Every structure is written in structure tokens, then in C-alpha cells.
Amino acid sequence: MAMSESAEKLPEDIIFDTLTRLPAKSIGQFRCISKQWCSSLSDPKFIKAHLTFHSHKHDEVKPILISHVSRSLHTVTFKHDTHNPIDAISRKLNLSDNMWQRVVGSCNGLVLVLNEEDDIFLINPSTLEYRGIPNSRLALPKHGTSSTYALGYDVVSDDYKLVTLSHYEGVSEGDLFCTYADVYSLRMGLWRRLESLSHHGGLYTVLGFLYMGFALVPIPTILDDDHLHFSDFVTLRGCIYMLANTTDQDKNDVWMMKEYGFAGSWTKFSVTQQSSISGFTPICFMSDDNIVLDASGKEKLFIYNKKEEHWREMNVDGINARTFMESFVSPMIGKGTEGDASPKEAPLKRPRRSGPSSDIEAEQRAESAPDTEATMATSPLPDGDQATTSEAPAYTEAAGAVPASPNPAPKSDNLDEISVLQPGKQLGSDIFLFLEPRG
Amino acid sequence: MSSTKLLTLKTSDGEEFKLDEAVAVKSQAIKNMVEDDCVSNAIPLPNVDSKTMTKVIEYWKKHSEEGVSKDQLNDFDKGFLEVHHSVLYDLLLAANYLNDKELVDVICQEVADRIKGKTPEEIRKEFDIKNDFTPEEEEKIRQENAWAFD
């Protein structure tokens, strides 16, 4: 084929721009082209630009799930072809001998996974790098407690943070109920304990949370239905979706926050029930009308077509699906001081723990560091125009409704006050804490 | 409405193109010249030939048309980009020279889509790149990026 002279004349910034648009696999292969290409395509600046470009491509995310039989991790690639529009290929990740339990977080191509022994691993399913995250010295014991996790990217410190919220189960009403929040910095390899949240006004179950930085988000204010119960939330295509079970047996409601942070933008669409499926979680969109769902109890993925109101089973087995994007972000950043694993190391069943003395040192260092994220207080204060005089939150059984305050309020673990630590402008830098009153 | 001022663009091979100013300022470079008021005569574009300029103007005109739907524009773009790769690179160079970010974006994406599935050897051929790895070095890089080859 005749060589194109123009191709040689293309300026570097144009070539750079073009290459950031390529999927991660192409980049990996093109590193073999020449020494210069290898160096350019491995450069941190390129990796960052590549991530920035692809993080806005919400339709590029792929599901990652756990096979309920073998407990191995699998990623799913959709094949869009005209004959069989819902074809998908499930690929097993050859990572380690771990038996996996739950995928608990995903951010920028890194995925947080628990194994059956509740050990935490940070994995990049594209590059297959993984790192064991040691437990915090202050972590609650595994038995008799419940934990939720989140993984997020902290723009300010260019660091990935893992947050766990834990509480003791079986606490009876009237007792002081505490949620313990711990944050792990990937770069520093350190855990720090945030102020625990004490709840005097009632028991709260943390439903979960999304990203890093702390901001409070108003949830849909439902005035006409006392029996609305929010069961789960996810982000799809850059928007927050919340699932609600209603008294109507035939439909499940899905609420979508169309404009980030803006309470008035919650819009609802309904998903017609399928007789054998009792609950579901949306995983990702396959197209504008087709949603991939993880149905609870069924160990398969399903596709729901919004237009046709029709359910279809995908031939992909697995449970606990989340999504991830392909990226080069390495779990090895910072090379933490507490037990990290390199990709070529022998598989870990338990993360190595540093000895007690270095833990103490780590905790002490954490305490003396500037208190930028030491407090996380939440409040179930209702929206201004719905203020009531009752002590209990005005939102019935729905998750905590809190106005997003642009100004940081005084720190406190008193439920009546709000602290907004890092009001986020973009979805990826906020954490949403959803609390549900129990009992 | 705004005056329909016509600009004259002169390409490297001496051909002249007359174009509405409103359309021509899709090129930031031309826009700057208009603002600096140096467009009384024909604007020389020594880095763009007439064949490429014709294509660029075709794109600009379509994207300036009123009442064209997003779908119609997408269809147009698809057809517009169905050209031989050498034409594509010429277009890209021109769009870059003329500083039309939107056109550069569209063409870069097309180039990316085309090279996405190619092997390293095909890329070397396309861009005339010499493989300066020794076989051992290349094997090492391949191993490090084995995940990309499965």
C-alpha cells in the first residue's frame, strides 16, 4: 500500500489526541511498535489524558461479575451485531486463586472486590494488576458487623480512596448506634478513622455510597406515597438512579437524577415486573432503550427494553454485577506501606499485615496530618420548604433527604447539622451517603 | 441580519474560493485574520490544496445549514469521512492548520476508529515507523502488555 506522506506530517499533538481515543487493548498492543511509541504510550500524561477521554464515554463501561459456581471474576463484552443484538461474551479473569464474594466498588477502571474471607483487593480488570488492601487496625471484627464500601478518586490529592462504613448488627432501638467510617489512601497506604457517626434519633442503615469527597444530595421528595421504600441506587451514564419499591405489585420505580445535585431533576420511569423476578439492580445501558440488569436471586443478567417493556435473559451467568471502564490506572500507585501485592506475586489469600508498631506509626501520622476529611456528619434535615416540626425526618421510609448545602456547616456529629466537605461539581468527586431509618 | 460578506481563500495551487464570512470563520485562523482586519485581499492558504479545500468547504457549508437534524448531520459526517486514508490525513492537516477544532475532533475520531483494530506491524507500515526493538526487547514489552493481546 502506498505510503501516505501526510501521515508523516501529522503533528505530535494530533497523533496524541488520536491515540487517547483508542481502547486500552489497542494501546497495550501499540506499545510494541517502537521504542518511541512505547515511551509515549506509557507516559503518565498520556495515561491521564486517555482516562479523561474515556471516563466521559459512559457507553463504554463493561459489566464485571462473579460466577456463582466457581466464584471467579468475569468481565462481559457486548457484541453489537444486527443478527443477535444481545450477544455477550463473558471472560474469566485469571488473577489468583481467590474465591470472590462481592464486587463493592468501581472507579476509573479500578474495581474493589472482596474475597470469601472478606479481604479487600483492588483490581484493574484490563491490565490484570491487583493489590491486596490490608484491614485497618481499628476495623471492626468481621463477625456480628456489617460493612459497606466505596472506591473513589480524590481529585485534590490525585489519590484513590477506599471508604468503609461499618456498624455492629443487632443493636436494639434506644441504644447508641454508631457507624464507623474509615478511609484508606492508596497513595499513602494508610488508614484513618473518621469521626464516628452517632445516631441518637433512631437507627440508621447505611444503604451505600458512591464516590469520594462528601456532599449531601437531596433525594426525590415523594409526597403522595407513604409506602415508598428506596432499595438501592446506582450510577448509569453519569447519572444517579435510585430504585424504589412501591405498593404496586406490577411495577418498580426507577428514579433518575437528570441534573446532578439538583433535587428538582428527579424523574421517574417504571419497570414492569417480570413474574419470577422480585428485585433487580440496573448495571448499565446497552443502548438508549435497553438496560442490563442484575436480578436478585437469579444468577443471570437480564436485559429490559424500556420501550417494549420486555425482559430478556442474557446468556451470562453470574451474580453481583458492577461495571468498570477500561483504563491503565494502576492499583500500585504510591506502593503503600501496608502490605501491597505486585501483579506477578504469588496469589494472596490474606493481605500481609504490617507489624503492630508500624501500624501505630501510620495511625499517628494520619492523626497529625491536616484534618481535611476528619469529619463526616450527615443530617436528615428535610428540604427547606418541607420543614416540619417533628424531630424525626419528614421523609417517611425514604433514605435521608438532605439539601446540598454550598457552604460548609460547622463540623459535628449531631444529626441536626450538616457538614459539606467537598461540594462536588462533577459526579466523580462526590460521596453520597444514604441513610435509611430503621425500625 | 449580518452582512453577507464574502471572503476569498487562495489555496497552494493557486485556486480561489469565495465563501461567506459567516461560514469561513469556522476556522479560528481565518476568524483571527478577520478580527485583525487583514482580509481585504484573498487569504493565502499555502498549506492547503484545492482538492482538500473543496472538501473542507463542503463540511463547513453542511454544518452551517439551517434546519438540519442531528441525525442528518451524523449521516453526512459518516459519508464525508468515507475516503481513502491519504485524503483523510490531508483533511486532518488542513483542519489543524485552519484551526477548526470541531473538524479536527471528527477526523481524529475517524482515524482512531480505523487504526483501532490494526496490528502493530500494520501500524508501522501505515506510518512508516521503524521497529527499533531487538527481538528480546520486543518480547519483553509484549509480556508486560500480554493482557492486551489475548
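The model shown is predicted, which means the values in this text are computed figures rather than measured ones. In what follows, every chain begins at residue 1, and chains take the letters A, B, ... in the order their sequences are listed.
In this structure, the separation between OG1 on A:T127 and CH2 on B:W147 is 6.5 Å, given to the nearest 0.5 Å. Atom SG of residue A:C32 and atom CD of residue B:E139 lie 9.0 Å apart, to the nearest 0.5 angstrom. To the nearest 0.5 Å, the span separating SG on A:C38 from CD on B:E144 amounts to 7.0 Å. For the atom pair NZ of B:K101 and CG of A:D17, the computed distance is 6.0 Å after rounding to the nearest 0.5 Å.
Taking chain A as the reference chain and counting heavy-atom pairs below 4.5 Å, the highest number among B:P120, B:C108, B:A146, B:G117 is found for B:C108. The candidate with the highest count of non-hydrogen atom pairs below 4.5 Å against chain B, out of A:I33, A:L19, A:T18, is A:I33. Chain A forms more heavy-atom pairs under 4.5 Å with one residue of B:I141, B:D132, B:N131 than with any other, namely B:D132.
Using a 4.5 Å cut-off between heavy atoms, B:K130 contacts chain A through its backbone alone, with no side-chain atom that close. Neither the backbone nor the side chain of B:E121 comes within less than 4.5 Å of any heavy atom in chain A. Proximity to chain B is absent for every atom of A:F16, based on heavy atoms less than 4.5 angstrom apart. For B:I115, the parts sitting under 4.5 Å from any heavy atom of chain A are the backbone and the side chain alike. For B:D105, the parts sitting under 4.5 Å from any heavy atom of chain A are the backbone and the side chain alike.
Within 6.0 Å of CD in A:Q36 there are 12 or fewer heavy atoms belonging to other residues, nucleotides or ligands. In this structure, A:K35 places its NZ atom where more than 12 heavy-atom neighbours from other residues, nucleotides or ligands lie under 6.0 Å away. Annotation for B:E35: atom CD counts as buried by contact number, over 12 foreign heavy atoms lying within 6.0 Å.
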Q: Please step through side chain to side chain contact (heavy atoms under 4.5 Å, CB included) for the pair A:W37 and B:I123, ending with a clear verdict.
A: CA-CA 11 Å; A:W37 276 61; B:I123 300 289; 3.9 Å; yes
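Residues of residues 23-31 of chain A lying under 4.5 angstrom from chain B, judged on non-hydrogen atoms, are A:P23, A:A24, A:K25, A:S26, A:G28, A:Q29, A:F30, A:R31 by number.
The two atoms that bring A:L22 and B:A112 nearest to each other are CD2-O, 3.3 Å, heavy atoms only.
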